[in-house]
J.: 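Here it is, the structure, as structure tokens.
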Amino acid sequence: MKRASQMNQKVYVVIMAGGTGTRFWPYSRNDKPKQFLDVLGTGRSLLQMTFDRFSGYTETENIYLVSNEIYADVIEEQLPELSHHQVLLEPVKRNTAPCVAYAAYKIKQKDPDAILIFTPADHAIFQEQKFQDVIKKAVDGASSGEKLITIGIKPHRPETGYGYIQHLEDDGDVKPVKTFTEKPQLELAETFLASGDFLWNAGIFVWSVAAITNAFGQHQPEIAEIFDTSESYFSDDEKAFIEKSYSIVKSISIDYAIMEKATNVFVVMGDFGWSDLGSWNALHEIRDKDEHGNVVEAETILYQCKNNFIKAEKGKLVVLQDLDGYLVSDLDDVLLVCKKDDAAIFKSFVTDVKTLKGDKYI
């Protein structure tokens, strides 16, 4: 980390914290999704850990956060360091492209020469210094020319929930991207993995404010037209302006909206112990396990059980037999027992529970 006197005055960090964390249900709930939970048992939520990660890299006043307005209270509770104008509250969910546009155009009004780092709130980074080194390379790269830079991770499984990046051979740290493919089907993901030419998109982006706003103007002019105003940001009119804007802006990810279309996309390769913590299975991979591969966060007696994730509230004994690769989650008013490796099924669970039982258990 840098000392305060060495901090990057032109670097702004935008933490994206609006997700509902349905793939971590029933631990993650609508009123307090996973980014606000102490998932790793550190005493700090994932959001707080993300803030800590960047608080030594740039001034606290240069750290912004975008989330849903229903989380305003928990954000204020967890990050009292942020002022009102640093917390950008969305009235409805519109995926990541409007989130990026809102923050980028707002910061552009304050500092048209800014370099922006956009990072999810719910990722785990286990090698902080290596991560800082990668971010520095990306920031240096974004400081010259209009480059849209993403951080790439070497894949170790055919994951269908990530974007894939194929880069051109280049001796520099910032490599031109040949193709950018968002969330392929399993067969294509297996092909990518076997080729050895593809990286996972970590969902961490670095670009100048000019580069990203020009990209919106070129590839998403209707979004640019909505957010490109210098009259409402940092004023009493901002809330009403955003409510109107979000009522008409389309819902689309930054990957589909910009990254797959742009020709000025670059990647910096990273190896810093990364996990997007996108599922129970991903969390199982990085947590400490017993001799049979079980992650146990409960009082248990286990018989012939292996490769499970077991989580229950204090005061409850969990007795299990002959389970392999299961999630057993007994939290609050929901008991869930299922195979843990199918991340997509959790969204189906949430949808079905909401349809059949209402919002009580969501």
Side-chain angles (χ1 to χ4, degrees), residues 16-50 120-126 153 155-163 183 186 189 200 202-203 273-300 302 304-314 316-354 357 361-362:
M16 299 177 286
T20 53
T22 54
R23 287 180 293 179
F24 264 107
W25 183 82
Y27 181 38
S28 175
R29 300 292 184 99
N30 272 350
D31 60 346
K32 201 170 187 180
K34 68 170 180 172
Q35 62 266 31
F36 303 115
L37 302 174
D38 180 12
V39 172
L40 298 177
T42 64
R44 299 281 280 175
S45 71
L46 294 176
L47 171 62
Q48 291 170 318
M49 292 177 69
T50 303
D122 53 2
H123 290 188
I125 306 293
F126 295 101
I153 305 293
H156 59 270
R157 64 176 184 270
E159 174 62 56
T160 60
Y162 302 157
K183 296 181 180 177
L186 179 60
W200 283 336
W274 171 86
S275 174
D276 79 331
L277 298 178
S279 66
W280 285 102
N281 205 42
L283 184 58
H284 180 271
E285 286 186 356
I286 64 173
R287 295 303 299 267
D288 292 336
K289 305 171 187 65
D290 66 15
E291 65 272 25
H292 302 294
N294 298 300
V295 175
V296 180
E297 297 181 2
E299 188 73 22
T300 61
L302 305 179
Q304 295 83 49
C305 291
K306 60 182 181 179
N307 304 319
N308 301 297
F309 199 122
I310 305 159
K311 188 176 183 67
E313 294 180 336
K314 290 183 179 180
K316 181 165 291 188
L317 174 65
V318 180
V319 181
L320 301 174
Q321 180 189 24
D322 284 338
L323 289 187
D324 182 357
Y326 274 77
L327 166 70
V328 178
S329 174
D330 191 356
L331 300 169
D332 296 325
D333 50 4
V334 175
L335 167 64
L336 175 63
V337 181
C338 66
K339 298 291 285 186
K340 65 176 171 55
D341 57 356
D342 183 2
I345 196 65
F346 290 86
K347 290 187 176 182
S348 298
F349 290 159
V350 171
T351 299
D352 292 343
V353 168
K354 187 172 183 178
K357 303 295 182 179
Y361 300 104
I362 304 301

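Keep in mind that what you see is a predicted model, and the values were worked out from it rather than measured.
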J.: If you round to the nearest 0.5 Å, how far is CH2 of Trp25 from OG1 of Thr351?
T.: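 Those atoms lie 10.5 Å apart.
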J.: Between Leu277 and Ala124, what is the shortest heavy-atom contact and its length?
T.: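 Nearest pair, atom of Leu277 first, then Ala124: CD1-CB, 3.8 Å.
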J.: Would you say the side-chain atoms of Asn308 pair up with the backbone N or O of Leu323, donor to acceptor, closer than 3.5 Å?
T.: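 At least one qualifying donor-acceptor pair exists.
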J.: Looking at every non-hydrogen atom in both residues, tell me the closest pair between Ser28 and Pro33 and how far apart they are.
T.: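 Closest approach of Ser28 to Pro33: OG-CA, 3.1 Å.
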J.: Measure the shortest side-chain to side-chain distance between Pro158 and Leu186 over non-hydrogen atoms and say whether it is less than 4.5 angstrom.
T.: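 In contact.
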J.: For Asp288, is the CG atom crowded, meaning more than 12 foreign heavy atoms sit under 6.0 Å from it?
T.: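 Result for CG/Asp288: open.
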J.: Hey, are the side chains of Leu37 and Leu46 touching, using non-hydrogen atoms and a 4.5 Å cut-off?
T.: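 Not touching, per the 4.5 Å side-chain cut-off.
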J.: Can you give me the closest heavy-atom contact between Gln48 and Ser45, atom names plus distance?
T.: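 Of all heavy-atom pairs spanning Gln48 and Ser45, the closest is OE1-N, 2.9 Å.
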J.: For the atom pair CD (Glu285) and CG (Leu283), what is the distance rounded to the nearest 0.5 Å?
T.: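 Separation between the atoms: 9.5 Å.
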J.: Which residue pairs pass the salt bridge (charged side-chain N to carboxylate O under 4.0 Å, His left out) test when at least one of the two sits in residues 17-32, sequence neighbours left out?
T.: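 Every pair satisfying salt bridge (charged side-chain N to carboxylate O under 4.0 Å, His left out) with a residue in residues 17-32: Arg29-Asp333.
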J.: Looking at Ala121, is its backbone amide N or carbonyl O close enough to the side chain of Gln35 to form a donor-acceptor pair, meaning the two atoms are under 3.5 Å apart?
T.: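 Looks like no, no N/O pair under 3.5 Å.
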J.: Would you compute the distance between atom CG of Leu327 and atom NZ of Lys339 and round it to the nearest 0.5 angstrom?
T.: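 So the gap between those two atoms works out to 11.5 Å.
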J.: With side chain to side chain contact (heavy atoms under 4.5 Å, CB included) as the test, would you mind laying out the steps for Phe126 and Ile286 before giving the verdict?
T.: CA-CA 10 Å; Phe126 295 101; Ile286 64 173; 3.4 Å; yes
J.: Give me the atom names and distance for the closest heavy-atom approach of Thr42 to Asp38.
T.: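 It is N-OD1, 2.8 Å.
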J.: Between NZ of Lys34 and CZ of Phe24, what distance do you get to the nearest 0.5 Å?
T.: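 It is 5.0 Å, given to the nearest 0.5 Å.
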J.: What's the separation between atom CG in Asn294 and atom CG in Leu320, rounded to the nearest 0.5 Å?
T.: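 The CG atom of Asn294 sits 8.5 Å away from the CG atom of Leu320.
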J.: Distance from Glu299 atom CD to Glu313 atom CD, nearest 0.5 Å?
T.: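 Reported to 0.5 Å precision, the distance equals 14.5 Å.
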J.: Please step through ring pair (Phe, Tyr, Trp, His ring centres under 6.0 Å) for the pair Phe349 and Trp280, ending with a clear verdict.
T.: CA-CA 14 Å; Phe349 290 159; Trp280 285 102; over 10 Å; no
J.: State, yes or no, whether a side-chain contact exists between Leu302 and Ile310 at a heavy-atom distance under 4.5 Å.
T.: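 Yes, their side chains come closer than 4.5 Å.
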J.: Would a 4.5 Å heavy-atom cut-off, applied to side chains only, mark Trp274 and Ile125 as touching?
T.: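 They are in side-chain contact.
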J.: Any non-hydrogen side-chain atom of Asp330 less than 4.5 Å from a side-chain atom of Val318?
T.: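 They are not in contact (no side-chain heavy atoms under 4.5 Å apart), so the answer is no.
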J.: Considering all heavy atoms of both residues, which atom of Arg287 and which atom of Val39 are nearest to each other, and what is their separation?
T.: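 Answer, listing the atom of Arg287 first, then Val39: NH1-O, 2.9 Å.
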J.: Quick one: does Ser279's side chain have a donor or acceptor within less than 3.5 Å of a partner on Asp342's backbone?
T.: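 Looks like no, no N/O pair under 3.5 Å.
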J.: Work out which heavy atom in Thr22 is nearest to a heavy atom in Phe346; give both atom names and the distance.
T.: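 Shortest heavy-atom separation between Thr22 and Phe346 comes out as O-CB, 3.7 Å.
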J.: Between the side chain of Lys316 and the main-chain N/O of Ala298, is any donor-acceptor distance below 3.5 Å?
T.: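 No, the answer is negative, given that no donor and acceptor are paired below the 3.5 Å cut-off.
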J.: Mind checking whether Lys289 and His284 have side chains closer than 4.5 Å, heavy atoms only?
T.: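 Side-chain contact under 4.5 Å: yes.
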J.: Mind checking what makes ring pair (Phe, Tyr, Trp, His ring centres under 6.0 Å) contact with Tyr326, not counting sequence neighbours?
T.: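 For Tyr326, no residue satisfies ring pair (Phe, Tyr, Trp, His ring centres under 6.0 Å) once neighbours in sequence are set aside.
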